[in-house]
Asker: 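Following this message is one structure expressed as structure tokens.
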There are 2 protein chains.
Amino acid sequence: MQDDENARTGNQVQGAASFSKFMTVLQSIADAPRGLDIGQLTKSVPFPRGTVYRLVAALVAEQLVVHHREDGTYRLGPRLLQLAAKTWESSDLRTVAREFLVSLRDATDEVVHLAVPSSNRMVYIDKIEGSNTVQMKTSIGGQVELHSTSVGKAWLSGLSDDRLNEVLGQLTLRRHTEKTYTDPDRLRKELIKSRERGYAFDDEENEPDIRCVGSPIFDRSGEPVGAISVSMPVYRHDPERHAKIASLVFKTAKDITAKLAVII
Amino acid sequence: MQDDENARTGNQVQGAASFSKFMTVLQSIADAPRGLDIGQLTKSVPFPRGTVYRLVAALVAEQLVVHHREDGTYRLGPRLLQLAAKTWESSDLRTVAREFLVSLRDATDEVVHLAVPSSNRMVYIDKIEGSNTVQMKTSIGGQVELHSTSVGKAWLSGLSDDRLNEVLGQLTLRRHTEKTYTDPDRLRKELIKSRERGYAFDDEENEPDIRCVGSPIFDRSGEPVGAISVSMPVYRHDPERHAKIASLVFKTAKDITAKLAVII
DNA sequence: GGCACTATGTCCACAATATAGACATCGCCT
DNA sequence: AGGCGATGTCTATATTGTGGACATAGTGCC
């Protein structure tokens, strides 16, 4: 349980103080779409300049970061991309889920997502697009909040009551749209409803004009390990379609859970 | 040049000794297809057990690594995807391109690559394998040079004359094989020919026995943002196949460019 | 069933490491 | 010129990480 605790609190493993600093710098660089130069970097992390120089030099030496000669910026390097690619390729959940997700996409012709929990967020680990051109601007590796998305709510709805309360206690229910649940008790009720019917519904709670239906995926021990969702713009969503898609999503998640139990 | 030196020698940045240990552990985990448990891990890295425990705990705390309860193995975690997301997805180029690349692979049954430019190199951001066992040893995240590869030459051929000259001026035309272009003027002529016919050809210029055909992908403003290629061993390459594949590659790149214009 | 051996996990005194302030240098604006 | 901010480097000091040693659980052998 100690691992979980550390993960949640932003970590405080004994003997990892410096490593956490390296990660802070790496995250800063990762978050800058166009890279950062030393000046910006020293401003964006809370360490003295001398330290930042050393941290960056180490990251460069490990090829996690590359230094662009042209404009002096630091960006993510090939080593990190390699590691990320491996993560993606070797994820059992993703591999198992893929064929089901493709079927789900074919049946709905909408964007299908697969996400896993990480630090009180959901991280997308796969995405299959529909044929429609109007689409969401999510991407693999992108992260979204638990309380305002169908994958997040689906995952939450799969937790035991104790764990749910524990996690809810740590969340900040930030408002994204008018419809976002910002009251813990109302959210809890919504989640319990989701648990009962087997799917969570995001009714423009994260982004205006986007509705999503999501269901949790469980490992053999019954812990929710991820969630899938189908997303669509409001104008393609109506009661009939909702019912059809919700039942497809629920069934697909169940199938993935079953397949997972056999394989792992 | 000092950076390069460090990278090659396994690194020796002052004040990064512990970080390098973290990376060693991370790489070990990354290299194990099915993950490693503590026992295997302590054997595969040259650190005392106490230290390994701490290193792993820190990696888990940062979510670079996850601990599977069921079998006790450690595997790469979602944080890596999160970090690489912005770079890796490259404005959804990868997502958009994927289905086209799969079709291209199906049509050719050869390895298909998608690469984007980065620091005067091309970095592979996707790879789809053919069914043949003889394949290239490239990997996602790997980088190759501009002047000796079809993706590199394809990207270069998509540049305006001014930009092309600018970039060519910065390149060192390192020789990889007998056939590598090492003379800037001859390379420039080859690139202009490539631009006219819509695809670049790597005729064993990067690796002996490997030939590749590549075409650039453009964003809406006409800037080349990446390139795709089909690679094959010499013995599977003949004039007929060349013509067929070249036209497929060209058409696929055009399709991706078109789709990109609609979405972005 | 008992014993030996190996694997697993934790602790802490010490040594190696990272830190952050101070110094040196450069370039830009007034 | 001269002042100011940004950039890069150095090093004494304190914090951090280290790894051997201990405690415990698990496994195989006789």
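A, B, ... follow the sequence lines: proteins, then strands. Residue 1 opens every chain. Keep in mind that what you see is a predicted model, and the values were worked out from it rather than measured.
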Asker: Start at the 5' end of DNA chain C and walk down; is the nucleotide closest to A/P48 or to B/T51 reached first?
Answerer: B/T51

Asker: Distance check needed: D/dT16 P versus A/L55 CG, whole Å only.
Answerer: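 A/L55 atom CG is separated from D/dT16 atom P by 14 Å.
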
Asker: How many Å lie between CZ on B/F47 and C1' on C/dA16, as a whole number?
Answerer: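 Interatomic distance, CZ of B/F47 to C1' of C/dA16: 15 Å.
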
Asker: Assign each of B/K21 and B/G50 to its nearest nucleotide of DNA chain C by heavy atoms, then name whichever residue's nucleotide is nearer the 5' end.
Answerer: B/G50

Asker: Would you tabulate the nitrogen or oxygen pairs shorter than 3.5 Å linking the protein to nucleotides 3-8 of chain D?
Answerer:
from: D/dT7; atom 1: O4; to: A/R49; atom 2: NH2; distance (Å): 3.4
from: D/dG8; atom 1: OP2; to: A/Y53; atom 2: OH; distance (Å): 3.0
from: D/dG8; atom 1: N7; to: A/R49; atom 2: NH2; distance (Å): 2.4
from: D/dG8; atom 1: O6; to: A/R49; atom 2: NH2; distance (Å): 3.0

Asker: Which residue pairs pass the ring pair (Phe, Tyr, Trp, His ring centres under 6.0 Å) test when at least one of the two sits in residues 150-174 of chain A, sequence neighbours left out?
Answerer: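 Non-adjacent pairs meeting ring pair (Phe, Tyr, Trp, His ring centres under 6.0 Å): zero.
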
Asker: Excluding sequence neighbours, so at least two apart, what forms salt bridge (charged side-chain N to carboxylate O under 4.0 Å, His left out) with B/D161?
Answerer: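 Salt bridge (charged side-chain N to carboxylate O under 4.0 Å, His left out) check on B/D161 returns B/R195.
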
Asker: Going by the rule salt bridge (charged side-chain N to carboxylate O under 4.0 Å, His left out), which residues pair with A/D185 if we only count those two or more places apart in sequence or in a different chain?
Answerer: A/R188

Asker: Which residue pairs pass the side-chain hydrogen bond (donor to acceptor under 3.5 Å, both in side chains) test when at least one of the two sits in residues 34-46 of chain B, sequence neighbours left out?
Answerer: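 Qualifying pairs, neighbours excluded: A/D92-B/R34.
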
Asker: Counting distance only, does the side-chain N/O of A/T257 pair as donor-acceptor with the main-chain N or O of A/A253 below 3.5 Å?
Answerer: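 Yes, the answer is positive, given that a donor and an acceptor are paired below the 3.5 Å cut-off.
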
Asker: Between A/F19 (CZ) and C/dT17 (P), how many Å, whole number?
Answerer: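 My rounded result for the distance is 18 Å.
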
Asker: Scan for salt bridge (Lys or Arg N to Asp or Glu O under 4.0 Å) pairs involving residues 141-157 of chain A, sequence neighbours excluded, and state none if there are none.
Answerer: A/E145-A/R174, A/K153-A/E190, A/K153-A/E205

